[in-house]
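To keep things clear, I will list the structure first and then write my remarks on it.
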There are 2 protein chains.
Amino acid sequence: MSDIGVSETNFEVKSNDAKSVDGKANESRANETREKILNAAERLFMEFGYDATSMRHITSEAEVNLAAVNYHFGSKEALIQEVFRRRLDWLNDERLRVLDEMEAEVNGGPLKPSQIVDAMFGTLLRMANDESVGGSTFVRLLGRTLTDPSKFINTFLAREHAYVMDRFKNALFKALPDVPKSEIIWRFHFMLGATSYAITGADALTGVTDWQLSPSDKDERPDLLLPRLMSFLLGGLRAPLPQLPIFPQSGNASQGAHDSIY
Amino acid sequence: MSDIGVSETNFEVKSNDAKSVDGKANESRANETREKILNAAERLFMEFGYDATSMRHITSEAEVNLAAVNYHFGSKEALIQEVFRRRLDWLNDERLRVLDEMEAEVNGGPLKPSQIVDAMFGTLLRMANDESVGGSTFVRLLGRTLTDPSKFINTFLAREHAYVMDRFKNALFKALPDVPKSEIIWRFHFMLGATSYAITGADALTGVTDWQLSPSDKDERPDLLLPRLMSFLLGGLRAPLPQLPIFPQSGNASQGAHDSIY
DNA sequence: TGACAATTCATACGTTCGTTTTAAACATAT
DNA sequence: ATATGTTTAAAACGAACGTATGAATTGTCA
């Protein structure tokens, strides 16, 4: 609306690190408020989604002032990024730690597919049992967000996952040298979907399948979910390769010779 | 806010079937507007999600007046329900038609798991290739919406799917008599997740796995997706049963003797 | 052709949203 | 004590939202 694009505001300067300019005054009180906001936002985003959760709802749940979010995080958009960042850093570090440990044991040789799948998805499900790093609340939020249509959330999650995904894909390439890489990537996607749906679907899609499970199966037992999911994922990953239709304009990679795993 | 719960508005009377009160005046023009709105809403909901898509965005895309949505559908909530209903009716009818046909052929005997999986998920993917019933737009929208946090969407989808899910679950029970029902239901969930993620993830989560597929694999070829997905789903469905930890308060079904499928 | 209902149109209503502002209290370190 | 950073309170901002209204327009049938 105004004259030129270069505005005169000194925005965004104070919000990100307002407390570290001089010393560490009031650090504990500030971090306490920050965490109350993050925890409330995490829980509400999980239950209602990003758009449907208002700032007033968050600050009311966290029992802090409405202006506190913009003071500590700068914007609602920056808040949700921080909600994910503090948990994803732990999760992906843990995934890489487990993978590194496994790879060190085999001295450059290939890992077993079951090891890789467990490091990737088992770590995620075990995180859901560890309340000190967010517990099931964050894991369910993450599973839901993987299919979120919002642009800025997608690009943020993609950036956060990039390195981890690359490492695990390459581990699978080495573990299954006879399987075409494109097939592995597809099955990696399928595994991601089955897992994220298993986590969130347990409450969201209860109605779709009506469950009709025995009560003992229904309650929150992620320790029962993990072995079930692992069997399914490994069965899918090691399934016989599909018979793909002949490719008309195949001028690219030698797509013809897809050797069966079995 | 006002006196008593019984309001004085004569709401909701005209919107649903305004054109059938007297005769069939302007029927073609009205249906044309209705379909323009439904198509625009379907596309925008797919791309941006329900909350992030405004009425003004929809009516602008459909090139109709802003008030047309409330005139023809009554509310935004009723609009999205109609968006799903017109496609889901076709999809689930088709699923049941295929299943009925298969069951008629085996005369009360069990179906092969691959037949059931194909009737359920193959029908969905084949729908994505049929532009006359929504094509890939609706299928991707549906995949995304299965994990939507919104309450009224969940209950609506659950109601729309209830009968179909029940039929397919029972078909799987009969096809795999030695597998505990709870295990089948879990794996049905896993298959749902892998499928819906495979459909929507192809564009949403491109960044997460970086793909790095050959360009020939990347373009829109759901006919290539189907055999890949079917192999994965069947591999997961028929995987060896997991070794579940001993159940402390096991007073329910004989959970111990889980015979392997193989 | 004129009456009439169905549809379209421009416009406005009331609400809620994220964000900003101002002022005053509060805590902590130098 | 002073300076610095944090929190609260209350209020308001402009923008965008879903929805409602009444007049204009359109198509159909008496």
Side-chain angles (χ1 to χ4, degrees), chain A residues 1-2 7-37 41 44-45 48-60 62-80 150 152, chain B residues 1-2 7-37 41 44-45 48-60 62-80 150 152:
Chain A
M1 282 294 186
S2 68
S7 80
E8 68 280 23
T9 59
N10 56 347
F11 192 53
E12 190 75 20
V13 180
K14 68 165 193 295
S15 56
N16 252 342
D17 272 45
K19 60 209 160 301
S20 62
V21 171
D22 172 76
K24 43 194 152 57
N26 292 340
E27 197 173 300
S28 70
R29 198 162 55 111
N31 283 345
E32 197 175 300
T33 300
R34 270 179 64 95
E35 291 215 351
K36 283 202 291 184
I37 293 173
L44 292 173
F45 287 151
F48 302 106
Y50 176 68
D51 282 315
T53 301
S54 70
M55 303 279 267
R56 287 164 178 86
H57 198 171
I58 295 171
T59 52
S60 164
E63 294 180 301
V64 300
N65 189 267
L66 169 61
V69 172
N70 285 284
Y71 176 80
H72 282 286
F73 300 95
S75 68
K76 186 185 182 185
E77 196 164 305
L79 168 62
I80 192 177
S150 171
F152 89 91
Chain B
M1 285 286 185
S2 64
S7 79
E8 69 279 23
T9 59
N10 55 345
F11 194 54
E12 191 75 20
V13 180
K14 68 164 195 293
S15 57
N16 253 343
D17 271 46
K19 62 209 160 300
S20 62
V21 172
D22 171 76
K24 43 189 150 58
N26 291 345
E27 195 174 300
S28 70
R29 198 162 55 112
N31 283 345
E32 198 176 299
T33 301
R34 269 179 64 97
E35 291 216 349
K36 283 202 293 185
I37 293 173
L44 292 173
F45 286 151
F48 303 107
Y50 176 68
D51 281 315
T53 300
S54 69
M55 302 281 265
R56 286 161 178 86
H57 199 172
I58 295 170
T59 52
S60 165
E63 294 180 301
V64 300
N65 191 268
L66 169 61
V69 172
N70 284 284
Y71 176 79
H72 284 284
F73 300 95
S75 68
K76 187 187 182 185
E77 196 164 305
L79 168 62
I80 194 178
S150 170
F152 89 92

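By convention in this document, chain letters (A, B, ...) are assigned in the order of the sequence lines, proteins followed by strands, and residues within each chain are numbered from 1.
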Rounded interatomic separation in angstrom, taking [atom1] from [X] and [atom2] from [N]:
X       : N      : atom1 : atom2 : value
A:Lys76 : D:dA16 : NZ    : C1'   : 13 Å
B:Met55 : D:dC17 : CE    : P     : 11 Å
B:Ile58 : D:dG18 : CD1   : P     : 8 Å
A:Ile37 : D:dT6  : CD1   : P     : 12 Å
B:Asn31 : C:dA6  : CG    : P     : 14 Å
B:Leu79 : D:dG18 : CG    : P     : 11 Å
A:Phe73 : C:dT19 : CZ    : C1'   : 16 Å
B:Asn70 : C:dC9  : CG    : P     : 15 Å

- What nucleic acid atoms does A:Thr59 come within less than 4.0 Å of, heavy atoms only: base, sugar-phosphate, or nothing?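 Nothing: the residue A:Thr59, judged by heavy atoms under 4.0 Å, touches no strand.
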Going by side-chain contact (heavy atoms from CB on, under 4.5 Å), name the residues that satisfy it together with [X], two or more places apart in sequence or in a different chain.
X       : answer
A:Ala67 : A:Asn65
A:Leu66 : A:Met55, A:Arg56, A:Thr59
A:Ser75 : A:Glu77, A:Ala78

Compare every heavy atom of [Y] with every heavy atom of [X], then report the nearest pair and how far apart it is.
X       : Y       : value
A:Ile58 : A:Leu44 : CA-CD1, 3.7 Å
A:Lys36 : A:Glu63 : NZ-O, 3.9 Å
A:Thr53 : A:Lys76 : O-NZ, 2.8 Å

Check the interface with nucleotides 8-11 of chain D: list each N/O to N/O pair with the protein under 3.5 Å, or write none.
unit_1: D:dT8; atom_1: OP2; unit_2: A:Asn65; atom_2: N; d: 3.0
unit_1: D:dA9; atom_1: N7; unit_2: A:Asn65; atom_2: ND2; d: 3.1

- Between D:dT6 and A:Tyr71, is there an OP1 or OP2 to side-chain N/O distance shorter than 4.0 Å?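 Yes, such a contact exists.
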- Message: Is A:His57 close enough to C:dC17 that one of its side-chain N or O atoms is under 4.0 Å from OP1 or OP2 there?
- Response: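 Answer no for this pair, as no side-chain N or O of A:His57 is under 4.0 Å from OP1 or OP2.
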- Tell me, which stems hold DNA chain D, with a stem being 3 or more Watson-Crick or G-U pairs in a row and both distances under 3.5 Å?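 Output for stems: C:1-22 with D:9-30, C:24-30 with D:1-7.
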- Item | NE2-OG1 distance between A:His72 and A:Thr33, expressed to the nearest 0.5 angstrom |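 Interatomic distance, A:His72 NE2 to A:Thr33 OG1, rounded to 0.5 Å: 5.0 Å.
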- Query: Sequence neighbours excluded, which residues qualify as ring-ring contact (aromatic ring centres under 6.0 Å, His included) partners of B:Tyr50?
  - Reply: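 Only B:Phe45, B:Phe152 meet the ring-ring contact (aromatic ring centres under 6.0 Å, His included) criterion with B:Tyr50.
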